[in-house]
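Residue numbering restarts at 1 for every chain, and letters A, B, ... go by the order of the sequence lines. Owing to the predicted nature of the structure, the values given are computational and were not obtained by experimental measurement. Note: hydrogens, waters and symmetry copies are ignored here, and every other heavy atom, side chains too, is used.
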Protein chains: 2
Amino acid sequence: MAHMPENRPYHHGDLRAALLQSAERTLREKGAGSLSLRELARETGVSHAAPSRHFKDKQALLNALALAGYDRLAEALAAAEDPTLPLQPRLTALARTYLGFAMDNPELLELMYARKHDPDASEQMTDGVDRTVGSLERVIADAQKRGEIIAGDPRHLMHLTGAAVHGVAAFSAGGWLDPDTAGDTIEGLIHHLLHGLMPR
Amino acid sequence: MAHMPENRPYHHGDLRAALLQSAERTLREKGAGSLSLRELARETGVSHAAPSRHFKDKQALLNALALAGYDRLAEALAAAEDPTLPLQPRLTALARTYLGFAMDNPELLELMYARKHDPDASEQMTDGVDRTVGSLERVIADAQKRGEIIAGDPRHLMHLTGAAVHGVAAFSAGGWLDPDTAGDTIEGLIHHLLHGLMPR
DNA sequence: ACCTGAACACCGTTCAAGT
DNA sequence: ACCTGAACACCGTTCAAGT
């Protein structure tokens with residue numbers, strides 16, 4: 001009458017991780033709007049009340065997804081950071097990486113920047129944003145030291161550059177910018193930010 | 001026993017407009033997440049099934065809200081357009097207007113750029129974006145004619161500039177950029193886009 | 001510690017029927 | 001034409017109870 005393996009209490013090991021993984025699939029395939037805790041529980045083969053042991057409510061699960069997103073984005077940016085490159089290609093590589101993440105994970109990006117601040121989780125979010133834009137700050141500070149970029153508060157320049165890159169990425173991920181030319185647009189953005197739009 | 005004025009069939013005139021108005025209040029006060037058709041109907045004093053005569057489903061109501069948002073934004077931008085101004089202040093005025101709209105209507109902005117495309121309503125959305133960025137295109141084309149901006153596809157320059165401005169606005173509205181310095185950031189963005197970040 | 005089952009108060013959508 | 005009332009199939013959240 002033993003109809004279940006005995007090596008785990010009820011399910012297949014780590015419900016929390018299983019829920020997050022299933023949630024990310026649903027997010028990618030059907031969007032954040034049609035993500036239901038009950039359906040998630042169903043897919044994972046667990047009762048509808050089980051998730052509440054791991055996430056106090058739906059928002060907590062969404063927050064966890066967003067935080068994981070920041071981890072992956074920050075990692076991708078760190079991997080794209082190449083201090084041996086000249087300034088412009090170095091910045092362009094970062095911007096292209098951000099754009100790539102946005103187009104591969106449009107729903108996740110939306111979630112990451114959604115204004116649903118559990119005032120406590122909002123700390124972690126701000127930290128996620130900081131880590132994400134942090135690679136930019138290093139590049140800018142470096143370039144200033146070498147005199148390749150004008151002086152000025154590096155955080156101000158970072159915010160401005162980061163926001164601009166995010167704007168192109170958000171437009172592209174949202175479908176308002178032709179995906180085929182999004183790469184050119186982001187390249188043009190970096191170029192014109194560095195050289196200016198005015199003649200000479 | 002006449003407990004209702006006879007000059008209207010059931011409710012107070014224009015249910016569609018009443019629903020939209022009530023929805024926009026809820027959007028501003030409690031966010032898009034807690035916007036329910038049933039509660040809207042309750043507030044408007046009508047049965048929960050009544051809204052369906054005016055909006056085929058919830059998404060249709062959200063689309064209508066977003067479209068109204070584009071109308072208001074495009075109108076504000078058109079009002080801020082001053083062809084007698086020199087290039088930089090002229091662009092800065094547009095960017096500041098966009099930023100102001102974003103900070104006054106953060107939830108509405110999110111809705112306007114949400115990727116929930118009923119493939120039919122998506123046409124109207126794209127049109128809304130076009131009208132919104134359209135004022136930018138005129139400024140850029142003008143400036144090119146006067147030789148104040150380098151030659152090149154004006155639509156490319158418009159997309160790039162528009163996306164950058166949107167990025168700063170989205171960061172500010174989302175709370176990732178200090179609201180007190182958002183104005184400086186957007187001014188810096190326009191300045192550096194025109195003059196470049198590189199020395200000389 | 002971790003999960004279940006039942007219960008509660010909500011949803012959006014549909015559809016016959018009323019005025 | 002416009003709205004109602006009832007019905008259906010879902011939700012998220014909570015909580016006693018089981019293992």
- Per-nucleotide pairing state of DNA chain D [Watson-Crick or G-U, under 3.5 Å; [ ] pseudoknot-crossing; | other strand]: ||.|||||...|||||.||
How long is the line joining [atom1] of [X] and [atom2] of [N], in whole Å?
X: A:D14; N: C:dA1; atom1: CG; atom2: P; value: 17 Å
X: B:H54; N: D:dT4; atom1: NE2; atom2: C1'; value: 13 Å
X: B:D57; N: D:dC10; atom1: CG; atom2: P; value: 17 Å
X: B:L37; N: C:dC10; atom1: CG; atom2: C1'; value: 14 Å
X: A:L19; N: D:dG12; atom1: CG; atom2: P; value: 12 Å
X: A:E43; N: D:dC11; atom1: CD; atom2: P; value: 11 Å
X: B:H48; N: D:dA7; atom1: NE2; atom2: C1'; value: 9 Å
X: A:R53; N: C:dT4; atom1: CZ; atom2: P; value: 11 Å

Measure from the side-chain heavy atoms of [X] and tell me the nearest of [options].
X: B:R38; options: C:dA7, D:dC2, C:dG12; result: C:dG12
X: A:A49; options: C:dT13, D:dC15, D:dG5; result: D:dC15
X: B:S36; options: D:dG12, C:dT13, C:dG12; result: C:dG12
X: B:E39; options: D:dT4, C:dC11, D:dT13; result: C:dC11
X: A:V46; options: C:dG12, D:dT13, C:dT4; result: C:dT4
X: B:A50; options: D:dT4, D:dT13, D:dT14; result: D:dT4

Measuring from atom [atom1] of [X] to atom [atom2] of [Y], what distance do you get when rounded to the nearest 0.5 angstrom?
X: A:D130; Y: B:W176; atom1: CG; atom2: CH2; answer: 9.5 Å
X: A:L37; Y: A:R42; atom1: CG; atom2: CZ; answer: 11.0 Å
X: B:L77; Y: B:R138; atom1: CG; atom2: CZ; answer: 9.5 Å

- Qualifying residue for side chain to side chain contact (heavy atoms under 4.5 Å, CB included) with B:L193, from A:H192, A:M198, A:H195: A:H192
- Please indicate whether A:Q21 has more than 12 foreign heavy atoms, meaning atoms of other residues, nucleotides or ligands, lying under 6.0 Å from its CD. no
- Note on the structure: Heavy-atom nearest pair, A:L35 first then A:K58, reads O-NZ, 2.8 Å
- OP1 or OP2 of D:dC11 sitting under 4.0 Å from any side-chain N/O of A:R42? yes
- Query: Under 3.5 Å, is there a donor-acceptor pair between the side chain of A:S22 and the main chain of A:A18?
  - Reply: no
